[in-house]
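Heads up: the structure comes next, in structure tokens.
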Amino acid sequence: MRPNVTVLGLGPMGRALAGAFLANGHETTVWNRTPGKAGGLPGVVEAATITDAVTASDLVVACVRDTATLREIVDPATEALRGRTLVNLSSDTPDAARLTATCAAEHGVEYLDGAIMTPTATIGTPAAVFLYSGPEQLFRTHEPTLAALGGTATYLGADPGRAAAHDLALLDLFWSTVVGTVHAFRLARTEKITGAELAPFAHGISALLPMLIDEAARQLDTGEYDGSEANIASAVSTLDHVVTTSEANGLRADVPRAALDLFRRAVDAGHGADSIYRVAEHLHR
Ligand code: NDP
């Protein structure tokens, strides 16, 4: 017999999670603020109230917009949650995760915070990536059930904010990449280059990312910024060309200008000959 699971939230991600638990033979109860969203999940039990949903399983997995939303929706079921485990897979800040962990402890609820690092299509497949933090024993107890969600589940430590902290840092990388990508395609278009024409060369840039990430990690951890291969002063020049051409061609240049200003601050501080990763020191307020 596999343990019952309750899933709170039936947005795209909550539905994917419920589907994966079902597919792995867990009796799955769901609840969503807006009822009637369990269509296409044959076999799930749609609870009429949040209290009914929580009461159906010892393990309650929540995936809603954010952690404040979670606290709001479980508020009427606080007593029902006592003694059960709440795994929160909603994205939020590290402090929001810590606050929710504190609230949970005050109400006798076992709390594990988590972050999902991959899209809905990966859930239940080997490509899914989950991060967890909170009491290790709690994670180990529910690890076999959470394995139904597929992929890798990495435990990051007892601080409940640690999964969210990894999530945020990785989202920072993700959104910077998205904005950089769309700006590059728009800039190319102002020079009559189509997306299809630029894409193969853009793939070449993205292929550099793994090396760049490893090098950034090494240099930021050691504080050794060897600029013999590429330095900040040289980067200022190429960033300036991006900003100048963007603005000349009628495109907003806020994003590359922010990068240019950062690199210029590093040069002004005497770090022009150092490697580009030293700009990290100039991010602090
Ligand atoms: P959303 O972020 O849009 O969350 C939808 C869910 O939140 C629904 O259950 C919705 O209920 C509920 N909700 C939103 N606002 C409220 C509210 N004020 N009160 C009560 N319930 C509310 O969609 P996703 O399912 O995609 O995301 C869920 C979480 O998973 C988010 O934190 C997201 O960042 C994270 N995530 C999502 C990924 C994805 O690919 N989709 C990838 C990785 C993480 P209702 O139906 O009633 O509106």
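The chain is numbered in sequence order, starting from 1. Whatever order the structure lists ligands and atoms in, that order sets their numbers, starting from 1. Given the structure is predicted, the values throughout are model-derived calculations rather than measurements.
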Give every donor-acceptor pair under 3.5 Å between a side-chain atom in residues 163-177 and any protein atom, sequence neighbours left out.
from: H166; atom 1: ND1; to: R162; atom 2: O; distance (Å): 2.8
from: S176; atom 1: OG; to: D172; atom 2: O; distance (Å): 2.7
from: T177; atom 1: OG1; to: L173; atom 2: O; distance (Å): 2.6

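With Y111 contributing its side chain and G134 its backbone, the two residues share no donor-acceptor pair below 3.5 Å.
No donor-acceptor contact under 3.5 angstrom links the side chains of R2 and T145, judged on distance only.
For ligand 1, the protein residues within 4.0 angstrom (heavy atoms only) are G9, L10, G11, P12, M13, G14, N32, R33, T34, K37, C63, V64, R65, T69, I73, S90, S91, I116, T118, P119, T120.
Y132 and F139 have tilted rings, their planes meeting at an angle from 30° to 60° on a 0 to 90° scale.
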Checking salt bridge (Lys or Arg N to Asp or Glu O under 4.0 Å) for the pair R98/D95: CA distance, chi angles, key distance, verdict?
CA-CA 5 Å; R98 292 179 190 117; D95 279 350; 2.9 Å; yes
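Look at D254 and R257 and you find no salt bridge, because none of the NZ, NE, NH1 or NH2 atoms lies under 4.0 Å from a carboxylate O.
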